[in-house]
2 protein chains.
Amino acid sequence: MSERQPNLRERRRSETRRLVQAHAVRLFTDHGYDAVTVADVAEAAGVSAMTVYRHFPTKEDLVLIDQPAQLIAERVAASSAAQPLVRRVGSALIDAATNWTGGNGDEQAANERFLLDCLRLMVSTPALRARHLDSQYALQQAIVDALGYDATGPDAAFRAQAATSACIAAMHTALTRWVEDDGHTKLPDLIARALTASFGDDAVATRRKD
Amino acid sequence: MSERQPNLRERRRSETRRLVQAHAVRLFTDHGYDAVTVADVAEAAGVSAMTVYRHFPTKEDLVLIDQPAQLIAERVAASSAAQPLVRRVGSALIDAATNWTGGNGDEQAANERFLLDCLRLMVSTPALRARHLDSQYALQQAIVDALGYDATGPDAAFRAQAATSACIAAMHTALTRWVEDDGHTKLPDLIARALTASFGDDAVATRRKD
DNA sequence: CACCCAAGTGTTAGTTACTAACATGATGGT
DNA sequence: ACCATCATGTTAGTAACTAACACTTGGGTG
């Protein structure tokens with residue numbers, strides 16, 4: 001909390017970015033993603049269409065959320081290589097989700113509501129769903145790199161790819177359910193249940209059986 | 001092989017469709033998906049741009065392949081409900097892949113080469129990869145329906161969703177590897193290996209332990 | 001065989017996402 | 001006080017689609 005010295009320019013920039021995105025999600029939610037043009041969003045936010053594109057490369061990016069891929073990858077890399085693959089990845093995913101949705105401030109609650117709005121759109125709109133799935137594909141690559149099985153041979157790398165993709169798919173199912181429940185169920189719990197349903201009890205139960 | 005009585009119109013129609021798609025995949029492979037316009041494809045195929053859109057709703061559909069979702073769903077529905085979820089789904093996927101890539105005629109070999117070209121584009125082009133992942137999402141819904149766990153309660157349905165999505169993700173990893181190997185390794189074997197890496201030996205070994 | 005309907009195709013005009021290039025006004029350091 | 005830089009606006013252009021209308025041709029019907 002010490003590098004709090006953003007320029008006026010930077011503050012303005014991130015503020016318009018936030019404004020544009022907020023108006024976009026609201027309009028998309030109210031009238032449907034396809035029925036709202038980028039020009040509409042720009043007008044609602046009081047900027048030009050070009051400014052929207054300067055902040056968000058595509059219309060889809062107005063809704064897509066950056067998952068903390070960096071954070072997840074770090075946790076995976078830090079995990080013990082002695083554990084089975086699915087547990088290494090699964091634990092990292094649960095861990096990251098805890099830090100992601102946790103917190104109980106006022107701002108945090110608003111953030112979570114916004115996040116749920118975005119995810120609702122992502123699940124229901126084909127174009128957004130497709131892009132979101134592809135971004136999880138990128139997350140998969142980051143995790144596989146962090147696992148460090150590339151050098152062990154092509155077969156080990158293949159197994160790492162397979163196990164990681166399966167874990168992420170289970171997490172995606174949990175995410176979908178989380179949205180359907182409007183965020184009432186705790187996300188980490190949902191992920192743990194999804195992993196258990198896919199890989200069995202021993203893939204998740206980190207508390208016993210060290 | 002007995003309902004061979006297609007109209008001349010229908011034959012012409014499917015022939016132009018095939019022609020357009022073949023030229024499209026060739027051009028995309030040679031110059032890159034983004035560098036080729038729909039007008040280019042139309043010109044190469046000797047038709048108007050409008051005709052291309054009449055056969056393929058979007059440019060992406062020129063490359064996307066219909067996976068035999070119907071076939072897979074039927075096999076899942078026919079499998080014994082006593083088996084664990086991942087084995088029910090996994091066996092169906094392996095089974096379907098066997099019937100899909102099998103065969104050894106001349107036409108079959110050409111089909112497989114075309115299929116590999118399409119998949120290569122799907123893996124390397126972001127827009128196509130995203131759409132492909134979304135189509136597998138649709139496959140997931142079909143499989144979950146076929147599993148028949150919807151009526152058993154919301155928790156069972158959630159477990160079915162999770163396990164199915166994980167299986168499909170593993171299959172997708174196998175598909176990607178298959179493309180990288182240019183189809184040299186047998187696809188069913190790759191799927192089996194991916195499933196084993198994710199879920200352990202007992203998820204696949206159908207030969208012993210009935 | 002003549003007739004007519006419908007299907008496949010072409011043409012044109014329009015919308016929308018997105019890009020490139022240049023102009024302008026404000027910010028921030030010197 | 002001065003100037004470079006950055007955020008933004010404006011304009012013009014490309015390409016993926018869509019809608020509407022006209023034309024040709026295969027195919028069934030009298």
Side-chain angles (χ1 to χ4, degrees), chain A residues 3-25 27-28 31-64 121-122 125-132 134, chain B residues 3-25 27-28 31-64 121-122 125-132 134:
Chain A
E3 79 289 64
R4 282 264 163 198
Q5 192 62 25
N7 263 342
L8 200 164
R9 262 219 272 252
E10 296 174 25
R11 257 183 295 144
R12 273 240 238 271
R13 178 169 173 78
S14 61
E15 177 56 22
T16 53
R17 185 193 151 88
R18 206 194 53 77
L19 197 79
V20 167
Q21 193 172 33
H23 279 281
V25 171
L27 287 175
F28 292 158
H31 308 105
Y33 178 78
D34 293 321
V36 177
T37 72
V38 175
D40 293 336
V41 173
E43 191 186 3
V47 298
S48 79
M50 198 59 213
T51 298
V52 176
Y53 285 117
R54 289 237 171 73
H55 286 274
F56 304 90
T58 75
K59 183 184 176 187
E60 293 153 3
D61 287 299
L62 283 163
V63 181
L64 294 170
L121 284 166
M122 284 190 229
T125 310
L128 296 173
R129 190 174 51 219
R131 279 275 323 250
H132 180 232
D134 195 50
Chain B
E3 77 290 69
R4 284 264 165 197
Q5 192 60 27
N7 262 342
L8 200 164
R9 263 219 271 252
E10 295 174 25
R11 255 183 297 145
R12 272 239 237 271
R13 177 167 176 79
S14 61
E15 177 56 21
T16 53
R17 185 194 152 88
R18 205 193 54 77
L19 197 80
V20 167
Q21 192 172 34
H23 279 280
V25 171
L27 288 175
F28 292 157
H31 306 105
Y33 178 78
D34 293 320
V36 177
T37 72
V38 174
D40 293 337
V41 173
E43 191 185 6
V47 298
S48 79
M50 197 59 214
T51 297
V52 176
Y53 285 116
R54 291 235 171 74
H55 285 273
F56 303 92
T58 76
K59 185 184 176 187
E60 294 153 2
D61 287 300
L62 284 163
V63 181
L64 294 170
L121 284 166
M122 284 189 230
T125 309
L128 296 173
R129 190 174 53 220
R131 279 274 323 247
H132 180 231
D134 195 51

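First the proteins, then the strands, lettered A, B, ... as listed; each starts at 1.
Each end of the helix from dC1(C)-dG30(D) to dT30(C)-dA1(D) gets its own axis from five base pairs, and the two axes differ in direction by 10°, given to 10 degrees.
Computed from coordinates, the Asn7(A) CG to dA26(C) P distance equals 17 Å when rounded to whole Å. Glu43(B) places its CD atom 13 Å from the P atom of dA15(D), with the value rounded to the nearest Å. We find that NE2 of His31(A) is positioned 18 Å from C1' of dT16(C), with the value rounded to whole Å. Rounded to an integer number of Å, the gap from Leu62(B) CG to dA16(D) P is 10 Å. One atom, CZ of Phe56(B), and another, P of dA16(D), lie 15 Å apart when rounded to the nearest Å. As a whole-Å value, the separation of Lys59(A) NZ from dT19(C) C1' is 18 Å.
By the side chain to side chain donor-acceptor pair (under 3.5 Å) test, Thr125(A) is found to be paired with no residue, residues two or more places apart in sequence or in another chain being considered. When the side-chain contact (heavy atoms from CB on, under 4.5 Å) test is applied to Ala39(A), the partners found at least two apart in sequence or on another chain are Thr37(A). Every side-chain contact (heavy atoms from CB on, under 4.5 Å) that Arg17(A) has, sequence neighbours left out, goes to His55(A), Phe56(A).
Looking at the side chain of Tyr53(A), the nearest of the listed nucleotides dG27(D), dA16(D), dA17(C) is dA17(C). Of the candidate nucleotides dG26(D), dG28(C), dA17(C), dG28(C) has the atom lying nearest to any side-chain atom of Leu8(A).
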Next item on the list: Assign a letter to each nucleotide of nucleotides 5-12 of chain C from its 5' end: B, base within under 4.0 Å of a protein heavy atom; S, sugar-phosphate only; -, no contact.
Entry: --SSBBB-

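Sorted by first and then second residue, the salt bridge (Lys or Arg N to Asp or Glu O under 4.0 Å) pairs involving residues 36-63 of chain B (not counting sequence neighbours) are Glu60(B)-Arg131(B), Asp61(B)-Arg131(B).
Across all strands shown, Val36(A) has heavy atoms under 4.0 Å from sugar-phosphate atoms exclusively, and none from any base.
Between the side chain of Thr51(A) and the backbone N or O of Val47(A) there is no donor-acceptor pair closer than 3.5 Å.
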Check: Which is it for Leu128(A) and Phe28(A) under the side-chain contact (heavy atoms from CB on, under 4.5 Å) test, yes or no, and what are the steps along the way?
Finding: CA-CA 12 Å; Leu128(A) 296 173; Phe28(A) 292 158; 5.7 Å; no

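The side-chain heavy atoms of Met122(A) and Arg129(A), taken from C-beta on, include no pair separated by under 4.5 Å. Looking at heavy atoms from C-beta onward, Val52(A) lies in side-chain contact with Leu62(A) at the 4.5 angstrom threshold.
Considering Arg11(B), Arg12(B), Arg18(B) in turn, Arg18(B) is the only one that fulfils the salt bridge (Lys or Arg N to Asp or Glu O under 4.0 Å) rule with Glu15(B).
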